[in-house]
A.B. asks: 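Submitted below is the structure of interest, expressed as structure tokens.
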Amino acid sequence: MPGPTSPHQTTAAAASLPASAHDGVTAPIAPGDVPHDVGGFSFPGLAHASRALRDAGRPKVLVVMGVSGSGKSTLAGELSFALRWPLVEGDSLHPQANILKMSTGVPLTDADRQPWLEDIGRVVRDWIDSDTCGVITCSSLKRRYRDTISGGNTRVCFVYVKGAQADIAPRLNRRTGHFMPSTMLDSQFAALEEPGEDECVLSVDVRASRDSLTKATLDALDGLTA
Ligand SMILES: Nc1ncnc2c1ncn2[C@@H]1O[C@H](COP(=O)(O)OP(=O)(O)OP(=O)(O)O)[C@@H](O)[C@H]1O
Ligand SMILES: O=C(O)[C@H](O)[C@@H](O)[C@H](O)[C@H](O)CO
């Protein structure tokens, strides 16, 4: 069972940020310079805390979620580094059969994802049970997936890297050396169920530069009640 001592886990100090994280293809958006509604997504700023998150207060575990190529791994690495919280790359917990399937351009089914989601949920639960903070990446596309991962615990916050397909597709097209083909983006958006205000979620704007996104996320978490 993967847990905080899993070989998949890196310590915050050892977390290496992908060099490719700097290869932004969309113009960075600075805080305060955000169009109010682009591609159907409205933001009062770069980050929005849901009602449930504001009620719950500061989380112990961050699950960085979103479709493939939205920048989960990049943001999770930054958060882990800044917070000194351990990092688990959720993709490393996929059964080999899932990786093979995605590599050949076949979307995963609910049944394919189930054991993987349960493993991710175990990592989260181990952290909570041992009073440890942590950051993990997982696309978490559907509400029931998120329920499996959090077990309903309100100290688990989903950091949703939210954006339009038009903003994410160019990044995926440019990315190299990753098993997930860019042709899978349609199926990722088809599966996506956006988190609601009743879920513990911090939505962040995919269009922001890496540094702005990290800062906006940390500021928003800081702004929650302790
Ligand atoms: N804020 C950003 N601005 C511009 N480009 C970014 C940003 N964040 C990440 N990228 C780039 O976008 C691509 C996808 O990022 P990343 O691999 O972190 O996404 P992901 O959601 O973890 O993907 P997957 O789920 O497929 O593993 C990478 O090439 C990365 O360097
Ligand atoms: O739920 C899914 O369809 C998968 O989890 C994908 O999202 C991948 O894990 C990842 O994002 C690809 O790199």
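For ligands, and for the atoms within them, numbers begin at 1 and follow the listed sequence. Quick note: numbers below take in every heavy atom, side chains included, and nothing from hydrogens, waters or symmetry partners. Everything numeric here is computed off the predicted structure, so don't read it as measured data.
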A.B. asks: Do you know which two heavy atoms are closest between Val64 and Ala76, and how far apart they sit?
C.D. replies: CG2-CB, 3.8 Å
A.B. asks: Could you check whether any side-chain N or O of Lys72 sits under 3.5 Å from a backbone N or O of Val67, counting only pairs where one atom can act as donor and the other as acceptor?
C.D. replies: yes
A.B. asks: Out of Glu89, Arg207, Arg175, who gets a non-hydrogen atom closest to atom 24 (P) of ligand 1?
C.D. replies: Arg175
A.B. asks: Looking at Val67, which atoms of ligand 1 are within less than 4.0 Å of one of its heavy atoms?
C.D. replies: 21 (O)
A.B. asks: Quick test: of every protein heavy atom, which one is nearest to atom 12 (C) of ligand 2, and how far off is it to 0.1 Å?
C.D. replies: Met180 SD, 3.5 Å
A.B. asks: At less than 4.0 angstrom from any non-hydrogen atom of Asp91, what atoms of ligand 1 do you find?
C.D. replies: 27 (O)
A.B. asks: Using the six-membered ring wherever Trp is involved, compare the ring planes of His94 and Trp116 and label them parallel, tilted or perpendicular (cut-offs 30° and 60°).
C.D. replies: parallel
A.B. asks: Looking at ligand 1, does any of its N/O atoms fall within less than 3.5 Å of an N/O of Gly69?
C.D. replies: yes
A.B. asks: Using atom types as modelled and distance alone, determine if a side-chain donor or acceptor of Ser50 lies under 3.5 Å from a backbone N or O of Glu199.
C.D. replies: yes
A.B. asks: I'd like the name of whichever of Gln188, His178, Met184 reaches closest to atom 27 (O) of ligand 1 through any heavy atom.
C.D. replies: His178
A.B. asks: Quick one: look at Met102 and ligand 2, take heavy-atom pairs under 4.0 Å, and tell me if it's side chain, backbone, both or neither.
C.D. replies: side chain
A.B. asks: Does Ala216 offer a backbone N or O that forms a donor-acceptor pair with the side chain of Asp219 under 3.5 Å?
C.D. replies: no
A.B. asks: Does the side chain of Leu108 reach to within under 4.5 Å of the side chain of Met102, using non-hydrogen atoms?
C.D. replies: yes
A.B. asks: Suppose I only count heavy atoms of Ser68 and a 4.0 Å limit; which atoms of ligand 2 are within that range?
C.D. replies: 11 (O), 12 (C), 13 (O)
A.B. asks: Name the closest protein heavy atom to atom 11 (O) of ligand 2, giving the residue it belongs to and the distance to 0.1 Å.
C.D. replies: Lys72 NZ, 3.6 Å
A.B. asks: Below 4.0 angstrom from a heavy atom of Ala208, which ligand 1 atoms are there? Numbered from 1 as shown, please.
C.D. replies: 1 (N), 2 (C), 3 (N)
A.B. asks: Hey, is ligand 1 close enough to Met180 that some N/O pair sits below 3.5 Å?
C.D. replies: no
A.B. asks: Examine the proximity of ligand 1 to Arg174 and report which part, side chain or backbone, both or neither, has a heavy atom under 4.0 Å away.
C.D. replies: neither
A.B. asks: Which of the atoms of ligand 1 are close to Arg171, meaning less than 4.0 Å from one of its heavy atoms?
C.D. replies: 2 (C), 3 (N), 4 (C), 5 (N), 6 (C), 7 (C), 8 (N), 12 (O)
A.B. asks: Under 4.0 Å from ligand 2, counting heavy atoms only, is it the side chain of Ser139, its backbone, both or neither?
C.D. replies: side chain
A.B. asks: With Arg143 as the cation and Tyr145 as the aromatic partner, state whether NZ or CZ is under 6.0 Å from the six-membered ring centre and within 45° of the axis.
C.D. replies: no
A.B. asks: Among all protein non-hydrogen atoms, which one is nearest to atom 1 (O) of ligand 2, and what is the separation to 0.1 Å?
C.D. replies: Arg113 NE, 2.7 Å
A.B. asks: Should Met65 and Leu93 be regarded as members of a common hydrophobic cluster, given that ILVMFWY residues are connected when their side-chain heavy atoms come within less than 4.5 Å of each other, either directly or indirectly?
C.D. replies: yes
A.B. asks: Tell me yes or no: between the side chains of Thr217 and Thr214, is some donor less than 3.5 Å from an acceptor?
C.D. replies: no
A.B. asks: Mark up the atoms of ligand 1 that fall under 4.0 Å of a heavy atom belonging to Arg210, in ascending order.
C.D. replies: 1 (N)
A.B. asks: Less than 4.0 Å is my threshold; does some heavy atom of Trp116 fall inside it relative to ligand 2?
C.D. replies: yes
A.B. asks: Identify the closest protein heavy atom to atom 9 (O) of ligand 2: which residue and atom is it, and at what distance?
C.D. replies: Asp91 OD1, 2.6 Å
A.B. asks: Determine whether a donor-acceptor pair (N or O, by modelled atom type, separation under 3.5 Å) exists between the side chain of Arg58 and the backbone of Thr225.
C.D. replies: no
A.B. asks: Specify the closest pair of heavy atoms between Pro86 and Thr132, including all atoms of both residues, with the distance to one decimal.
C.D. replies: CG-CG2, 4.5 Å
A.B. asks: N/O to N/O below 3.5 Å, does that happen between His94 and ligand 2?
C.D. replies: yes
A.B. asks: For ligand 1, which atoms have a heavy atom of Ser209 less than 4.0 angstrom away?
C.D. replies: 1 (N)
A.B. asks: Identify the residue among Leu218, Val204, Val159 that makes a side chain to side chain contact (heavy atoms under 4.5 Å, CB included) with Leu213.
C.D. replies: Val204
A.B. asks: Heavy-atom contact check, 4.0 Å cutoff: does His178 meet ligand 2?
C.D. replies: yes
A.B. asks: Regarding Glu89 and Ser73, do their side chains bring together a donor and an acceptor under 3.5 Å, going by distance alone?
C.D. replies: yes
